[in-house]
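One structure below.
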Amino acid sequence: MLRLIECLADGRFHSGTEISGHIGISRSAVCKQIGKLKECLGLEIFSVHGKGYRLAEPIQLLTVDRIRQAMTDESLHLISDIEIISDIDSTNSYLMNRVSKGIESGHVCFAERQTSGRGRRGRQWVSPFGKNIYLSVYWRSMLGLSQLSGLSLAAGASVVSALKKAGCNNIGLKWPNDVLINGKKVAGLLLEVSGEQNGPANVVLGIGVNIQMPESDAQAIDQPWEDLSAVMNTSEYHRNRLSGMVLESLLLSLKKYESSGLASALKEWREHDLFEGKQVSLRLADKYVHGIYRGIDDNGALLLQQGRHLIPYHGGEISLRLKS
Ligand code: BT5
């Protein structure tokens with residue numbers, strides 16, 4: 001089916017005869033596969049008598065070569081393997097499963113679509129085909145589990161810097177792991193770790209970035225969302241190029257964290273913190289607490305000013321909302 005998508009990727013009309021010649025299947029097989037693309041991958045495809053088939057929107061498919069071209073040697077040598085999978089439940093789940101079967105640190109997995117993309121605590125990550133970035137990296141860390149709690153903060157800060165370099169404005173961070181544009185969520189990070197309390201640990205770091213989210217898929221997102229195409233020219237910045245830039249920043253932040261922990265990313269995180277000084281509510285396991293958000297401490301804990309007290313709140317069952 002990928003070859004068929006490649007034929008249609010430019011968003012122009014292609015006749016059944018042309019496609020069947022190109023991928024070496026009969027015209028009736030082309031017709032059947034078009035049906036499958038619509039049904040299984042949720043792609044919108046127009047078929048017009050006498051003209052053929054065309055995708056409602058062009059698609060920039062991911063390729064390993066193009067992703068690598070967008071990266072520098074410094075990050076490329078941290079990669080042991082890159083896989084691009086068309087259709088998968090979740091790139092994080094995939095790598096978590098592969099860890100027990102033995103993969104090398106620096107194993108990277110991209111997907112064109114996720115059928116069960118995951119956020120934290122069982123939440124869903126909406127992941128339609130061919131439009132956004134869904135990426136996970138496996139990293140073998142020498143640090144202990146407790147030392148890794150600040151890693152998703154460090155990675156989030158580095159991704160924001162990379163997207164800013166690509167020309168994306170009005171972008172910043174919401175504790176602990178959300179990237180927002182114009183106050184709406186454009187990307188999220190999911191860190192999963194297993195291993196020994198004092199190290200080593202297996203780390204799978206996943207990120208989803210919306211590049212061009214179709215409205216029809218976005219209906220499943222239950223909070224304000226944004227995509228990069230709203231604030232930058234994403235046809236100039238090809239999906240492969242953005243994927244390479246995001247992957248590079250993730251890999252370099254993993255490497256840097258290994259030697260200096262969160263300390264090296266604190267300045268960057270604080271510069272991009274969107275909530276400083278705002279009245280917020282924190283949802284804890286069993287209650288809400290309210291106060292003024294005062295940024296993060298050196299361990300990455302959220303600081304909430306309640307009256308004259310400055311109280312640190314650590315990850316876990318906390319979610320941050322602007323106080324309504
Ligand atoms: C996150 O969780 O933000 C982490 C998302 C990580 C996704 C990547 S994709 C590659 C890798 N493989 C995976 O399976 N996951 C990772 P959390 O903070 O729990 O936020 C989840 C919430 O974000 C949902 O409950 C929705 O409200 C919202 N959401 C879901 N899909 C979204 C999207 N595409 N864009 C913006 N917001 C979304």
Side-chain angles (χ1 to χ4, degrees), residues 42 62 67 82-99 107-139 151-153 155-157 159-160 163 168 171-193 203-231 234 239 242-243 246-247 249-251 254 274-275 282-283 300 302 315-322:
L62 296 176
I67 292 171
I82 301 188
E83 291 185 79
I84 297 174
I85 300 178
S86 305
D87 203 19
I88 199 169
D89 53 353
S90 145
T91 53
N92 259 48
S93 305
Y94 174 71
L95 286 189
M96 290 296 280
N97 288 333
R98 299 260 339 243
V99 168
H107 194 111
V108 175
C109 175
F110 283 91
E112 293 287 5
R113 174 173 99 134
Q114 297 184 118
T115 48
S116 304
R118 294 191 287 116
R120 295 173 303 147
R121 296 195 285 282
R123 290 193 283 257
Q124 182 199 13
W125 188 256
V126 174
S127 314
F129 189 93
K131 293 292 179 185
N132 305 316
I133 298 173
Y134 320 114
L135 151 68
S136 299
V137 179
Y138 164 60
W139 187 261
L151 177 56
S152 71
L153 293 171
V159 166
V160 167
L163 293 174
C168 179
I171 189 166
L173 290 158
K174 175 185 160 194
W175 187 92
N177 70 338
D178 287 358
V179 180
L180 308 184
I181 286 180
N182 299 328
K184 297 177 274 186
K185 185 157 174 169
V186 69
L189 288 114
L190 179 65
L191 177 73
E192 298 186 288
V193 290
V203 173
V204 174
L205 181 59
I207 181 164
V209 183
N210 298 333
I211 296 183
Q212 203 165 23
M213 176 68 82
E215 283 288 341
S216 53
D217 296 287
Q219 283 167 11
I221 305 176
D222 57 4
Q223 65 167 291
W225 62 274
E226 191 55 281
D227 60 20
L228 297 182
S229 71
V231 289
T234 45
R239 198 158 73 97
L242 286 167
S243 298
V246 169
L247 174 57
S249 61
L250 282 187
L251 288 165
L254 281 161
L274 293 169
F275 278 64
L282 280 188
R283 195 180 68 213
L302 179 154
E317 295 302 311
I318 299 172
S319 89
L320 174 68
R321 294 273 141 98
L322 275 181

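Whatever order the structure lists ligands and atoms in, that order sets their numbers, starting from 1.
Below 4.0 Å from some heavy atom of R118 lie the following atoms of ligand 1, by number and element: 5 (C), 6 (C), 7 (C), 13 (C), 14 (O), 15 (N), 16 (C). Less than 4.0 angstrom separates some heavy atom of L190 from each of these atoms of ligand 1: 6 (C), 15 (N). Interface of N177 with ligand 1, defined as ligand atoms under 4.0 Å from a residue heavy atom, comprises 18 (O). With ligand atoms numbered from 1 in the order given, ligand 1 contributes 4 (C) to contacts under 4.0 Å with heavy atoms of L189. In the vicinity of M213, heavy-atom distances shorter than 4.0 Å reach the ligand 1 atoms 34 (N). The contact set between ligand 1 and N210, taken as ligand atoms under 4.0 Å from a residue heavy atom, comprises 33 (C), 34 (N), 35 (N), 36 (C). Within ligand 1, the atoms closer than 4.0 Å to a non-hydrogen atom of G117 are 14 (O), numbered from 1 in the order shown. In summary, the atoms of ligand 1 found under 4.0 Å from a heavy atom of G208, numbered by their order in the structure, are 7 (C), 8 (C), 9 (S).
With a 4.0 Å heavy-atom cut-off, ligand 1 is reached by the side chain of R123 but not by its N, CA, C or O. At a 4.0 Å heavy-atom cut-off, ligand 1 does not touch N132 at all. Using a 4.0 Å cut-off between heavy atoms, Q114 contacts ligand 1 through its side chain alone, with no backbone atom that close. Only the side chain of D178 comes within 4.0 Å of ligand 1, counting heavy atoms alone; its backbone N, CA, C and O stay farther away.
Contact of the Q114 side chain with the W125 side chain is registered, since non-hydrogen atoms from C-beta on lie closer than 4.5 Å. R98 has its side chain out of reach of C109: every pair of non-hydrogen atoms, C-beta onward, lies at least 4.5 Å apart. When side chains are defined from C-beta on, V209 does not count as touching L242, because their heavy atoms never get closer than 4.5 Å. Within the 4.5 Å cutoff, no side-chain heavy atoms of S243 are placed close to those of V246. Between N210 and L228, the closest side-chain pair of non-hydrogen atoms is not below 4.5 Å.
No N or O atom of Y134 sits closer than 3.5 Å to an N or O atom of ligand 1. Residue-to-ligand polar distances keep W225 apart from ligand 1: every N/O pair is separated by 3.5 Å or more.
Nearest-residue assignment for atom 37 (N) of ligand 1 (options I88, N92, I221; heavy-atom criterion): I221.
Atom 26 (C) of ligand 1 has D222 OD1, 3.2 Å as its closest protein atom, hydrogens excluded (heavy atom only). Of all protein heavy atoms, the one lying nearest to atom 20 (O) of ligand 1 is K185 NZ, 2.9 Å. The protein atom (non-hydrogen) at minimum distance from atom 31 (N) of ligand 1 is V126 N, 2.9 Å. Ranking protein heavy atoms by distance to atom 5 (C) of ligand 1, first place goes to W125 CE3, 3.5 Å. The protein heavy-atom contact nearest to atom 24 (C) of ligand 1 is Q124 O, 3.5 Å. Closest protein heavy atom to atom 22 (C) of ligand 1: Q223 NE2, 3.7 Å. The nearest protein atom to atom 11 (C) of ligand 1, hydrogens excluded, is given as T91 OG1, 3.2 Å; this is a heavy-atom distance.
Across all non-hydrogen atoms, the minimal contact from L189 to G156 is CD1-CA, 3.5 Å.
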Pair up each side-chain donor or acceptor in residues 130-139 with any protein partner under 3.5 Å, not counting sequence neighbours, and list the distances.
from	atom 1	to	atom 2	distance (Å)
K131	NZ	P58	O	3.3
N132	OD1	I211	N	2.8
N132	OD1	Q212	N	3.2
N132	ND2	Y134	OH	3.0
Y134	OH	P128	O	2.7
S136	OG	T91	OG1	2.7
S136	OG	N92	N	3.2
S136	OG	N92	OD1	2.6
Y138	OH	N202	OD1	2.7
W139	NE1	E258	OE1	3.2

query = Can you list the steps and then say if R118 with E192 is a salt bridge (charged side-chain N to carboxylate O under 4.0 Å, His left out)?
reply = CA-CA 11 Å; R118 294 191 287 116; E192 298 186 288; 2.8 Å; yes
request  = Show your working on side chain to side chain contact (heavy atoms under 4.5 Å, CB included) between I67 and I84 and close with a plain yes or no.
outcome  = CA-CA 10 Å; I67 292 171; I84 297 174; 4.0 Å; yes
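Judged by distance alone, the side chain of E112 and the main-chain N or O of L62 form a donor-acceptor pair under 3.5 Å. Judged by distance alone, the side chain of S229 and the main-chain N or O of D227 form no donor-acceptor pair under 3.5 Å.
Screening N182, V186, L163 for a side chain to side chain contact (heavy atoms under 4.5 Å, CB included) with V231, the sole residue that qualifies is N182.
By the side chain to side chain contact (heavy atoms under 4.5 Å, CB included) test, D87 is found to be paired with L41, R113, T115, residues two or more places apart in sequence or in another chain being considered.
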